[in-house]
**Q** 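Take this structure first; my questions come after.
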Amino acid sequence: MSASEEEASLSFPERAAKVLATTDVKQTIGRGTSLVAEGRRLRFKDLGPAGDAYRRRARAIRESALARLPELVSTLSDRLEARGAHVHFAGDADEACQIVAELAQKRNARSAVKMKSMLTEELHLRERLEDAGVAATETDLGEWIIQLAREAPSHIIAPALHKPRQAVKALFDERLGPDPREDAESLVARARLFLRERFLEADIGITGVNFAVAESGTLILVSNEGNGRLTTSCPPVHVALVPLEKLVATLDESLTLVRMLVHSATGQRLTTYVSFVCGPRGREERDGPEELHVVLVDNGRAAAIEGPLADALLCLRCGACLNVCPVFQRVGGQTYGSVYSGPIGIPVTAIVGEERCDLPHASTLCGACAEVCPVHIDLPRLILETRRQNVRAKRTPLLERMAARGFEAAARRPWLFRLAQTAVRWAARLGLLPSGSMGDLPGPTETFRDRFRRRHAS
Amino acid sequence: MRREAFLERIGRRASAPGTIPPPPEMAPATLEQFERELTLVGGVLHKLADGDVDSAVAGIAASLRAARFAAWDTPKARRVAEVLMAAGLQRIAPVDPERARIEMAQVDLGVVEADFAICESGTIGLVSGAGRGRLVSALPPALLVILTRDRLLGRLEALAGWLQARGEPPAALALITGVSSTGDVDQRRVVGAQGPSTVHVVLID
């Protein structure tokens with residue numbers, strides 16, 4: 001198999017071992033995550049009790065939206081259609097890609113500009129468009145960098161976090177032509193120039209959304225770079241893909257979610273740009289898209305609402321959990337080998353239908369993630385649930401399941417437990433335990449149970 | 001897939017949600033906060049009496065060495081446009097929506113009038129419409145915003161009420177908080193990714 005296929009077939013522990021042995025992830029991922037985590041911490045410290053109040057409100061808003069989802073989907077669609085937008089419904093990834101590819105075909109589109117969207121990664125939309133002859137360029141600088149490098153993202157909001165400046169320069173020199181300037185400002189300037197050309201020629205602008213407001217039929221997109229505004233306003237067609245869980249009932253509620261998203265992601269008061277889109281350009285407008293298409297996507301979410309992983313649908317995609325996760329900080333997002341990384345990535349990956357045995361164990365269950373989650377998702381509980389699901393579906397190794405069953409049998413029968421303890425103690429004394437395990441430690445003179453019985457015998 | 005079939009797939013959540021608590025009471029955000037926050041996010045604030053606006057605008061254009069500008073067709077923006085043309089700048093006013101992006105990419109300075117501003121974050125709000133293009137504030141490297149004190153709002157939450165009072169929401173509304181930047185290279189903030197790298201706000205008393 002090819003190098004990348006081989007890489008893709010590794011498990012999380014195998015990839016993690018490679019990363020820890022070879023790259024200086026502490027410099028890039030460690031530093032980057034600490035910076036934004038600190039930003040978040042300072043913002044919430046500043047807010048004080050109001051921060052907690054906002055978080056409780058944000059959680060209630062998300063829960064309410066999930067409970068009323070069919071109604072919200074209907075209202076959103078009605079409002080958008082009333083403004084001249086086209087609304088499409090996609091049950092799964094295939095259908096979503098089909099819809100967008102057909103739209104592109106109808107418009108004879110050759111090139112597209114894309115704004116960062118986890119959903120489009122999940123759908124593998126870009127590859128599907130390339131098959132249909134549409135070259136799609138990512139326009140978030142970080143996303144574009146990894147597109148050029150043909151790599152996977154290492155973080156939800158900072159996808160090229162793992163690439164130091166020198167690596168970016170080398171990449172630009174290789175793919176855009178040589179340029180002696182090494183400083184970050186020059187690199188950004190080179191990127192700006194290249195991406196501008198794409199904005200000016202693109203036939204289609206493709207985005208996700210951060211939220212979709214039902215009552216007013218509004219799509220909300222945030223960015224710091226400005227590529228969101230250009231993606232939605234330069235090309236004659238705007239296609240917005242909306243995953244089910246991004247719906248919210250009112251504008252009022254959406255503003256709390258925007259606030260929590262931005263505060264939790266970077267600690268900013270607001271991102272540089274927040275765009276509210278309600279329709280294609282009006283008849284009297286002289287710029288903006290002629291056509292707006294909104295594709296509502298299920299891909300596992302509709303079914304998950306009823307299930308034990310439903311709380312993962314409350315996620316605002318802020319990345320705060322990634323930034324404080326001791327596992328993520330050490331190895332970065334690419335190590336997870338899935339579209340969604342970090343703590344939230346574990347249940348979400350299961351929801352969108354990818355069966356992974358290794359991912360649910362990419363966690364120490366320390367709970368740092370749950371502490372910072374702006375909508376109070378109990379991530380450790382969800383991660384445990386994915387482990388449970390793997391066991392029930394018999395996706396875990398047979399030996400492991402047998403060992404667990406054995407332990408369960410002994411734990412339920414005190415006599416058997418005591419027997420097993422005695423056996424292990426004798427095995428240790430006889431030097432039968434493998435070295436490097438507890439066989440190397442000096443054995444206790446008596447077991448805890450024996451000591452307890454001795455001391456507390458009435 | 002048809003809407004009805006799509007809706008039928010959606011499961012019912014196990015737990016019933018409670019009521020949604022209102023946002024917490026916060027101290028009102030003031031003009032001073034607007035000034036402070038705008039500066040923090042890289043904007044330049046010019047607090048001026050009405051009579052000083054014209055010369056200030058000419059000065060800003062000169063400092064930017066701007067040759068071509070585009071402006072909204074609103075009363076105050078029109079006035080600024082006249083000042084700039086008198087100073088020798090060429091006005092670009094795209095008419096054909098299909099050529100708008102190409103023409104706007106030639107512009108050095110965009111001039112708009114803020115529909116509102118949010119003091120809490122140093123944010124200005126722009127509503128798209130007739131004579132109020134989107135690209136004027138998105139493509140050119142420099143942006144000049146005319147703001148009057150009567151358009152100041154306190155916190156982000158005030159936007160909901162503002163939009164409701166307006167009636168039908170606009171096709172596009174943009175909140176702009178300072179200058180375009182990216183942290184994607186070197187985990188350092190670099191100004192001037194895609195949007196304007198310079199934002200001047202002329203606040204008329």
Side-chain angles (χ1 to χ4, degrees), chain A residues 31-32 35 50 53 56-57 60-61 63-64 66-67 69-70 73 77 89 91 95 141-142 158 160 165 168 184-185 187-188 192 200 216 218 224-227 229-230 233-234 251-252 255-256 259 269-270 272-279 281-282 284-288 298 302-303 305-306 310, chain B residues 1-3 6-7 9-14 16-18 20-21 23-24 26 37 41 94-95 97-98 100-102 105 120-121 123 128-130 133-135 138-139 156-157 159-160 163 169-188 190 192-195:
Chain A
R31 206 177 78 188
L35 274 170
R56 277 194 300 274
R57 176 172 155 82
I61 289 169
E63 295 220 45
S64 166
L66 285 183
L69 206 45
V73 169
S77 314
F89 301 92
E95 206 182 338
L141 186 47
R165 182 167 45 88
V168 175
E185 280 74 12
L187 292 172
V188 172
R192 179 187 168 114
L200 298 184
S216 51
T218 308
N224 279 320
E225 296 178 15
N227 60 317
R229 297 207 59 209
L230 295 185
S233 303
C234 283
L251 212 45
D252 199 42
L255 295 176
T256 293
R259 178 187 284 284
R269 287 189 184 275
L270 266 189
T272 312
Y273 305 100
V274 184
S275 303
F276 297 79
V277 173
C278 289
R281 72 166 176 258
E284 67 295 354
E285 289 189 66
R286 291 281 155 264
D287 59 19
D298 168 7
I305 293 180
E306 291 183 329
Chain B
M1 182 175 289
R2 303 204 37 208
R3 190 201 287 201
F6 189 80
L7 291 176
R9 295 161 73 103
I10 298 175
R12 299 189 53 80
R13 189 161 162 80
I20 298 174
M26 306 277 289
E37 294 299 327
V41 292
V95 169
E98 293 191 13
R101 52 180 162 169
I102 308 287
E120 178 192 6
S121 44
T123 301
S128 73
R134 308 169 188 209
L135 296 178
L139 271 174
L156 178 64
E157 281 71 17
L159 179 56
L163 276 169
L173 168 71
L175 296 186
I176 300 179
T177 307
V179 297
S180 154
S181 72
T182 177
D184 280 331
V185 178
D186 236 10
Q187 299 108 49
R188 212 159 53 68
V190 174
Q194 288 303 329

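Only heavy atoms go into these numbers, but all of them, side chains included; no hydrogens, no water, no symmetry mates. We name chains A, B, ... by the order of the sequence lines, and we start the count at 1 in each one.
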**Q** Minimum heavy-atom separation for A:Phe89 and A:Glu95, please, with both atom names.
**A** O-OE2, 3.2 Å

**Q** Show your reasoning for whether side chain to side chain contact (heavy atoms under 4.5 Å, CB included) applies to B:Leu156 and A:Val274.
**A** CA-CA 11 Å; B:Leu156 178 64; A:Val274 184; over 6 Å; no

**Q** Against chain B, label A:Leu230 side chain, backbone, both or neither, depending on which of its atoms sit under 4.5 Å from a heavy atom there.
**A** side chain

**Q** Find the one option among A:Ala53, A:Ala302, A:Ser64, A:Gly142 whose heavy-atom pairs under 4.5 Å with chain B are most numerous.
**A** A:Ala302

**Q** Chain A: which of B:Glu98, B:Arg188, B:Met26 shares the most heavy-atom pairs with it under 4.5 Å?
**A** B:Arg188

**Q** Between B:Val179, B:Leu7, B:Leu163, B:Leu139, which has the largest tally of heavy atom pairs under 4.5 Å with chain A?
**A** B:Leu139

**Q** Report the C-alpha distance between A:Asn224 and A:Tyr273 in whole Å, list the side-chain angles of each, state the deciding distance to 0.1 Å, and finish with yes or no for side chain to side chain contact (heavy atoms under 4.5 Å, CB included).
**A** CA-CA 6 Å; A:Asn224 279 320; A:Tyr273 305 100; 6.0 Å; no

**Q** Taking every non-hydrogen pair under 4.5 Å, which of A:Val168, A:Thr218, A:Ile61 racks up the most with chain B?
**A** A:Ile61

**Q** Given 3.5 Å as the limit, does a donor-acceptor pair link the side chain of A:Arg281 with the main chain of A:Gly288, or not?
**A** yes

**Q** Please state whether the side chain, the backbone, both or neither of A:Leu187 comes within less than 4.5 Å of a heavy atom of chain B.
**A** side chain

**Q** Are A:Arg192 and A:Glu185 within salt-bridge range, i.e. N to O under 4.0 Å?
**A** no

**Q** Could you have a look at B:Glu37, B:Arg101, B:Arg9 and say which one has the most heavy-atom pairs with chain A under 4.5 angstrom?
**A** B:Arg101

**Q** If you count heavy-atom pairs under 4.5 Å with chain A, which of B:Gly133, B:Ala171, B:Ala100 comes out on top?
**A** B:Ala171

**Q** Should B:Pro94 and A:Arg286 count as side-chain neighbours, where that means a heavy-atom distance under 4.5 Å?
**A** no

**Q** Heavy-atom pairs under 4.5 Å with chain A: which of B:Gly192, B:Ser128, B:Ala174, B:Pro169 has the most?
**A** B:Pro169

**Q** Count the heavy-atom pairs under 4.5 Å between each of A:Leu251, A:Leu141, A:Asn227 and chain B, then report the option with the highest count.
**A** A:Leu141

**Q** Quick one about A:Glu225 and B:Thr182 (side-chain donor to acceptor, distance below 3.5 Å, no hydrogens or angles considered), yes or no?
**A** yes

**Q** Using only atom types and a distance under 3.5 Å, with no angle test, would you say the side chain of B:Glu157 pairs donor to acceptor with the backbone of B:Pro23?
**A** no

**Q** Which atoms of A:Leu35 come close to chain B, meaning under 4.5 Å heavy atom to heavy atom: side chain ones, backbone ones, both, or neither?
**A** side chain

**Q** Quick one: of A:Ala67, A:Gly279, A:Gly226, A:Cys234, who has the most non-hydrogen atom pairs under 4.5 Å with chain B?
**A** A:Cys234

**Q** Looking at A:Gly32, A:Ala184, A:Ser275, which one has more heavy-atom pairs under 4.5 Å with chain B than the rest?
**A** A:Ala184

**Q** Please rank B:Gly129, B:Gly178, B:Ala105 by heavy-atom pairs under 4.5 Å with chain A and give me the top one.
**A** B:Gly129

**Q** Show your reasoning for whether side chain to side chain contact (heavy atoms under 4.5 Å, CB included) applies to A:Ser216 and A:Phe276.
**A** CA-CA 10 Å; A:Ser216 51; A:Phe276 297 79; over 6 Å; no

**Q** Most heavy-atom pairs under 4.5 angstrom with chain B, which of A:Arg56, A:Arg259, A:Glu63?
**A** A:Arg259

**Q** Check whether any side-chain heavy atom of A:Arg229 sits under 4.5 Å from a side-chain heavy atom of B:Ile176, and report yes or no.
**A** yes

